[in-house]
Structure formats: structure tokens, C-alpha cells
Amino acid sequence: MTIQPEFSLRAASAGTDHLQVWRPILTSSLETLRMLAGATEREFLQIGARMQEIHQQAFDLSGTAQQLVEVASGERLQSLIHRLREILSEMDKYLGQAQSLSETSCATLNSVGDLLKEVGTPLLGVKRMCKHLYILEVSIKIESTHIGEMGGEFINLAIDIKKLSQLIKEKVNAILELRALLTTSINKNNFHIKTVKAQQDAKAETTLGNTSESLAELEEVKGHFSRLGSLISTISIENTGNISTIVQSMQFHDIYRQQVEHVVEAIEGLLPAFAALQTSDAPTEDNQCQTLIGMVGDVCELQQAQLQFASSELYSAVVAIVRNLQLIGSKQKQMAKDIFEQTGTLDASGTSFIDEVSSQMTSLAALLGSCADSNAEVAGIMRNVTGTVGEITGFVTDIEGIGRDIMQIALNARIKAASTGREGASLSVLAEEIGQLSNEAVDCTDLITKTLAEIDSTTHQLSAEVNSSEENLTVRLTGMKDELVSILSVLDKMGDELLALLSQVKNQVAFLSSEIETLTGGIDVHERTKALADAVLISLKKIFSEARQLHPASEAFKEDLRLMAKRYTMESERRIHESIASRHGVGPAKVQAKTTVPPVNDTEFGDNVDLF
Amino acid sequence: MGKLIMTADDSASVRQMVAFTLKQNGYEVIEAVDGQDALTKLGSKKVDMLLTDLNMPKLDGIGLIKGVRASALNKFIPIVMLTTESQDSKKSEGKSAGATGWIVKPFKPEQLIAVVKKLLG
């Protein structure tokens with residue numbers, strides 16, 4: 001290269017001054033760069049180790065969330081919901097039957113009441129007969145005095161009749177008393193059954209409605225959880241993507257190190273020229289000085305660009321690491337929030353949607369118990385009615401027997417009266433009268449018996465029906481109740497599992513968030529390296545600008561640029577080098593002719609992968 | 001028991017990421033800090049695959065490949081270079097030495113796993 005004498009004289013003086021200033025700056029920059037090349041390994045290793053822990057924690061958290069989803073939307077809950085729906089349907093059917101039975105019971109009791117009223121007339125007839133018998137007994141006693149000694153036998157007959165009529169009277173009174181009691185009981189029980197039934201119906205309607213609603217909500221929650229399962233899978237996939245970006249970004253530490261080492265090598269290559277300049281004589285100095293200034297300009301321009309790129313790449317990589325770690329944390333947090341919202345367990349009470357269903361199931365079980373009690377009560381009432389009717393029937397049978405006894409006495413009286421001749425004619429009339437009365441009594445009792453038989457038949461039929469229904473319904477109710485208790489136990493267990501898993505999710509999320517916050521908050525390697533690199537960049541830029549002012553890039557250095565190109569083994573470095581070289585009119589470096597390495601399916605793996 | 005893969009790299013953080021990626025996918029990993037360390041370990045250990053950096057102190061990736069191909073124990077295992085170098089001349093040199101594949105850093109974990117699966121079947 002040829003330098004103009006005027007320019008050379010001015011430039012030599014200024015150049016020497018500058019070179020003296022640049023040398024310590026470059027030496028200092030080299031120290032900083034050497035530090036940058038080796039200082040970040042430990043920090044990246046720590047970030048890598050913590051990233052692995054966070055990845056494992058996020059994986060565990062997703063696992064817990066999946067378990068939770070399985071509890072809240074899995075097959076176990078599905079089969080419980082299905083069975084609960086069946087029980088609700090059975091309950092509905094049962095309540096229909098119980099309603100019908102209750103109505104029949106009330107109607108029967110009303111009918112019994114009416115029939116009991118009918119018994120009143122013949123009973124009064126019997127009572128009247130007793131009064132007549134009493135009068136006849138007195139008449140017999142009076143008439144017996146007219147037939148002398150024979151009258152004694154009639155007096156005995158009269159005493160018997162009196163006793164028997166007294167017995168009938170007692171029986172009739174007992175029947176009337178029982179009838180009154182039964183009528184009162186029927187009216188009372190009828191009212192009770194209707195009241196209880198009305199209450200049960202209202203409660204059943206509410207409970208069944210609420211339970212049905214709870215089941216619908218449970219199914220809805222189950223649906224939400226199923227969707228949450230998909231969301232968790234999606235988040236897991238996204239986490240894998242975030243980890244992939246982190247793993248890729250972590251490699252920039254190694255790339256940066258190599259890039260900085262290349263910058264160091266390039267700047268180190270200048271230092272011998274500085275040393276040579278100090279030992280040379282004046283004429284040579286001018287040339288050497290100009291040469292060195294040009295070389296310094298080229299190297300600093302190029303290395304400033306390389307370092308700028310490397311620093312920027314590392315900075316972006318670390319920002320990407322921090323960002324992706326934060327994304328993992330925020331997604332896991334959001335997932336946990338969704339879970340808590342679905343389970344309704346954000347409150348401190350620790351209750352969940354399962355508790356609501358459990359509560360409804362408990363009410364349902366209580367209702368079933370109450371229904372079973374009512375059935376037993378109706379059956380008891382009917383048994384009581386049947387028993388009382390049986391008691392009345394016993395008294396009526398007694399009255400019938402007494403009536404037949406009186407008929408016998410009347411027959412004897414007529415026979416005796418016939419043997420007394422004309423004096424006993426009046427006694428014969430009285431005996432006839434007694435006979436008729438006893439016939440009437442038997443007729444009355446027939447009527448009563450017939451009515452009682454009707455009551456008996458009705459109550460027996462209903463009692464049998466109630467007993468049978470009660471037995472069947474009790475078996476069914478007990479079965480349903482037992483199953484409900486069993487389902488409740490399973491639901492409670494699921495609730496406990498859910499709460500335990502939710503607590504686990506809460507703890508895991510809190511721990512993960514704290515870990516990510518601590519880790520990302522502590523990552524400042526990019527800021528520190530950038531600050532150091534920026535200081536070097538400012539120095540390189542300053543030197544490069546001053547050098548270019550003193551000595552624009554010359555043809556003589558093109559070969560140096562080409563030689564420098566060989567140092568760059570990375571695609572990105574080569575691109576930067578070529579860009580700078582082309583700015584100075586230097587063509588691409590001549591490289592060894594490409595040996596064809598046929599890639600196998602490289603596009604299958606990416607542009608940076610070749611399989612030989 | 002997963003297949004055993006050796007990763008040789010003088011960068012501890014790169015070894016860490018490679019090991020993490022492989023272990024996540026069920027592979028067992030043995031690490032070496034440079035080519036010489038790798039050859040020493042491979043002298044007594046049969047592995048299913050070798051992933052190696054190119055530029056390493058003591059013995060570089062090309063030297064390591066040649067050493068492995070000359071050994072009895074791991075002669076035929078697939079060897080993939082994991083390097084920042086992307087020059088065709090270097091790839092050609094690697095292929096001649098006996099490399100099975102070449103991956104330029106930075107790589108995505110899924111790329112590495114796809115290659116490993118492809119080569120290990």
C-alpha cells in the first residue's frame with residue numbers, strides 16, 4: 001500500500017498517540033472478554049439445575065391435578081351419579097305408591113267410621129229389648145203370685161231373664177264404648193295420616209327437587225372437570241414447549257462463550273503488532289503505524305459487530321429462559337385457579353361441591369326413614385282397628401248366645417204356663433212376648449254381625465294390603481337407605497380425597513410459584529454480562545471510529561479480513577463477517593470446496609440436523 | 001432399563017441439558033468432560049450411542065470418533081456430533097472419521113430425541 005507523504009506525516013503523529021491510547025484499552029477489554037468467556041458457566045449450571053427441579057415440580061403438579069380430575073370426573077363418580085339417579089327414580093315411584101296407599105287408608109278408615117255409625121241403630125234396638133225384658137221380668141213376678149206354689153218356678157225364670165238382660169246391657173254398653181273409642185281414633189288417625197302425608201309430600205318434593213338439582217350440578221361439575229383434564233394435558237404440552245425453549249436457550253451460554261473466545265483471539269492477534277511497533281525505527285514506524293491503525297480499525301469494527309451480536313443473542317436467550325419459566329408458573333397457577341373455581345373450595349371452610357350432594361343425600365336418606373316410619377304407623381293403625389272390631393264382634397257373639405238362652409227360657413216358660421191351666425194364661429202371654437223379644441235381639445245381632453263382618457272384611461283387606469306394602473316398601477326403603485348411606489360414605493371419601501388433593505395442589509402451586517419467582521428474580525447474568533460487554537463495545541466502537549478517521553479501510557487489509565473469516569466456524573459469525581467485509585468491498589472468503597455430505601431426511605429433523 | 005447414551009462436551013451446562021433431555025425420555029446417560037475422558041470411560045463401558053462436541057480440550061470430537069471406531073467395545077455405535085460448527089468441510093471431516101450424524105447447536109430437545117430414536121430404533 002502507498003501512503004501520501006503529507007498525510008503520512010500528520011497521520012503518523014496522531015496515529016502514534018492513538019495507538020498508545022488504544023493499546024491499554026484493548027488490553028483491558030481483553031481481560032473483560034476473557035472473564036465473560038468463562039464466568040457464566042456456574043450460573044448457567046445453577047439455572048439448569050433449578051429448571052430441572054421446576055420442571056419436575058410442574059410435572060408433579062400436573063399429576064396431582066390429573067388425579068383430582070379423575071376423582072371429580074372419573075368412572076367412580078359417573079357410576080355413583082347413575083345409581084343416585086336410579087334411586088331418585090325409585091323414590092319417585094315409591095312416593096306415588098305411598099300416596100295411593102295413604103289415600104286408600106284414609107278412605108277405608110272413613111268407610112269404617114260410616115259402618116260403625118250403622119251399627120248404632122241395631123244396638124239401640126238391643127238396648128230397648130233389655131228394657132222390655134226388665135218390664136216383663138217384673139210382670140212375671142207379679143203374675144206368678146196368682147198361681148200359688150207353681151209361681152215359684154216362674155219367679156226363678158224371671159230372675160234368670162233379669163240376669164241375662166243385665167248381661168246383654170253390659171255387652172251393648174261395652175260395644176258402644178269401643179265404637180266411640182274407635183270412631184274417635186279413626187277420626188284422629190285419619191287427620192294424622194293426612195297431615196303427615198302432606199308434610200312428607202312437601203318435604204319429598206323439596207328434597208327430590210334439591211337432590212335432582214344437586215345431581216345436575218354434580219354432572220355439570222363433572223363435565224367441567226373433564227374439560228379441565230383436557231386443559232391440563234394442553235398445559236403439559238405447552239410446558240414441554242416452554243422447557244424446550246429453555247433447553248435451547250441454555251445452549252447460548254456455550255455459543256456465547258465460543259463467540260467471545262473468537263473475539264478474544266482476534267483482538268489478541270493485534271497485540272504483537274503493537275509490541276513490534278515499539279521496537280521499530282522511525283521510517284518503518286510510519287508504515288507500521290498506518291498498517292496497524294488500519295488493522296485495528298478492521299478488527300475492532302468486525303469484533304464490535306460480533307460481540308454486539310453475541311451479547312444480544314445471550315441476552316435474548318436468558319430473557320427467553322426467564323420468560324418461559326414465568327410462563328410455566330403462570331399456567332400452573334391458572335390451572336390451579338380453574339380447579340379451585342370448579343370445586344368451589346376457594347373459601348376457608350374447605351367444603352366442596354361433593355359436600356352439597358352429600359347434604360342432599362343425607363336429607364334424602366332421612367326422608368326415606370320418615371316414609372318407612374309412616375308406613376309402619378298406618379299399618380299399626382289398621383291393626384288396631386281390626387283388633388277393636390274383633391273385640392266388638394266378640395261382644396256381639398256373646399249377645400247372640402244370651403239371646404238364644406233367653407229364647408230357651410221363654411220356651412220353658414210357655415211349657416210351664418200351659419201346665420198351670422187358666423191361671424197361667426197370662427204367664428204364657430208373657431213367655432210369648434219374651435220369645436219374640438229374644439228373636440228381635442237375634443235379628444239385631446245378625447244385623448250388627450253383618451255390618452261388623454263388612455268392617456272386618458274391609459279392614460282385613462286393607463290391613464293385609466298395608467302390611468304387605470309396608471313389608472315390601474320397608475324392604476325397598478331399607479335397601480335404598482342402606483345404599484344411600486353407602487353412597488354417602490363413598491362420596492365423603494371422595495370429598496376427603498378431593499380436599500387432600502386440592503390442598504396438595506395448593507401447596508405445590510405455592511411452592512412452584514415461589515421457586516420460579518426466586519429463580520427468575522435471581523437471574524441477572526444477562527444484565528451483568530451485557531453491562532461488561534457494553535463497556536467493551538463502547539471501547540471497540542470508539543477505537544474503530546478513531547482508526548477509520550485516521551486510516552480508512554484499505555485494500556491491503558482485505559486479505560486479513562479473508563484470513564479472519566476462517567476463525568468463524570458458526571453460521572451467524574460468518575454472516576456478520578461477510579456483511580462487514582462486503583461493506584468494505586471484500587468478497588466472501590475463499591473456503592475449501594464443499595465436500596458433499598448427503599443429508600438423510602434432514603428436513604425431517606430440522607435444518608440444523610444432518611444424518612450421514 | 002433405558003438405553004445408555006454417552007454425552008461428551010467440555011461445557012458442563014450443555015452436558016446438563018443433553019442429559020436432562022435424554023433422561024426425560026427414558027434414556028440413561030453417562031457424561032464425559034472431553035474426548036480423552038470419553039475414550040477412557042468407553043474403554044470399559046458398552047454404550048448404545050455417543051453424542052459428542054467437536055471442539056474439546058485434550059482430545060476433540062474427531063479424535064474421539066476415530067478412537068471409538070477403532071475400539072472393540074463400541075465400534076459400531078451411532079455417533080452424533082453436537083456442535084456450533086456448521087461448515088460443510090467440518091461435517092465432511094466428521095463423516096470421514098465415522099460420525100453418523102451432525103447436529104448444530106442450538107438444537108431443540110425434540111430434534112435431539114427424534115435423531116436418537118431414529119438411530120437407536
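Model, not experiment: these values are computed from the prediction. Order of the sequence lines sets the chain letters (A, B, ...), proteins ahead of strands, with each chain counted from 1.
Between B:M81 atom CE and A:D610 atom CG the span is 12.5 Å, to the nearest 0.5 Å. Atom-to-atom distance recorded for B:Q24:CD and A:S244:OG is 12.0 Å, nearest 0.5 angstrom. Here the CD-CG distance, from B:Q111 to A:D607, works out to 9.0 Å after rounding to the nearest 0.5 Å. To the nearest 0.5 Å, atom CZ of residue A:R42 and atom OG of residue B:S13 are 13.0 Å apart. Between A:D254 atom CG and B:K105 atom NZ the span is 4.0 Å, to the nearest 0.5 Å. Atom NE2 of residue A:H253 and atom OG of residue B:S11 lie 5.5 Å apart, to the nearest 0.5 angstrom.
Remark: A:Y315 OH is packed, more than 12 non-hydrogen atoms of other residues, nucleotides or ligands lying under 6.0 Å away. Within a 6.0 Å radius of NZ in B:K41, more than 12 heavy atoms belonging to other residues, nucleotides or ligands are found. Heavy atoms of other residues, nucleotides or ligands lying less than 6.0 angstrom from NZ of A:K331 number more than 12.
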Run the numbers on A:R257 and B:D10 for salt bridge (charged side-chain N to carboxylate O under 4.0 Å, His left out), then give the verdict. CA-CA 12 Å; A:R257 178 180 60 83; B:D10 58 329; 3.8 Å; yes

Please evaluate residues B:V104 and A:V609 with respect to the criterion side-chain contact (heavy atoms from CB on, under 4.5 Å), reporting the C-alpha separation (whole Å), side-chain torsions for both, the decisive distance (0.1 Å), and the verdict. CA-CA 6 Å; B:V104 177; A:V609 178; over 6 Å; no

I'd like to know whether B:Q16 forms a side-chain contact (heavy atoms from CB on, under 4.5 Å) with A:M250, so could you lay out the CA-CA distance, the side-chain angles of the two residues, the decisive distance to 0.1 Å, and finally the verdict. CA-CA 10 Å; B:Q16 184 188 49; A:M250 290 286 286; 4.2 Å; yes

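Proximity to chain A (any heavy atom under 4.5 Å) is shown, for B:L54, by neither the backbone nor the side chain. If you measure heavy-atom distances from A:F252 to chain B, the contacts under 4.5 Å come from the side chain alone. For A:A317, no part lies under 4.5 angstrom from a heavy atom of chain B. Both the backbone and the side chain of B:V115 come within less than 4.5 Å of a heavy atom of chain A. Contact of B:T21 with chain A is made through the side chain alone, with heavy-atom distances under 4.5 Å.
Interface remark: of the candidates B:E93, B:E110, B:E85, B:K90, B:E85 forms the most heavy-atom pairs closer than 4.5 Å to chain A. When each of B:D53, B:T100, B:I103, B:V18 is scored by its heavy-atom pairs under 4.5 Å with chain A, the top score falls to B:T100.
Contact annotation: the side chain of A:N608 approaches that of B:F107 to within less than 4.5 Å [non-hydrogen atoms, C-beta and beyond]. With contacts defined as side-chain heavy-atom distances shorter than 4.5 Å, the pair A:F605/B:K118 qualifies. The shortest distance between side-chain heavy atoms of B:L112 and A:V247 does not fall below 4.5 Å.
A:Q258 approaches B:N55 most closely through the heavy-atom pair OE1-ND2, 4.2 Å. Contact detail for B:M17 and A:G48: the closest heavy-atom pair is CE-CA, 3.7 Å. Here the shortest heavy-atom pairing between B:F20 and A:M51 reads CE2-CE, 3.9 Å. Among all heavy-atom pairs drawn from A:Q251 and B:P106, the shortest one is OE1-CA, 3.1 Å.
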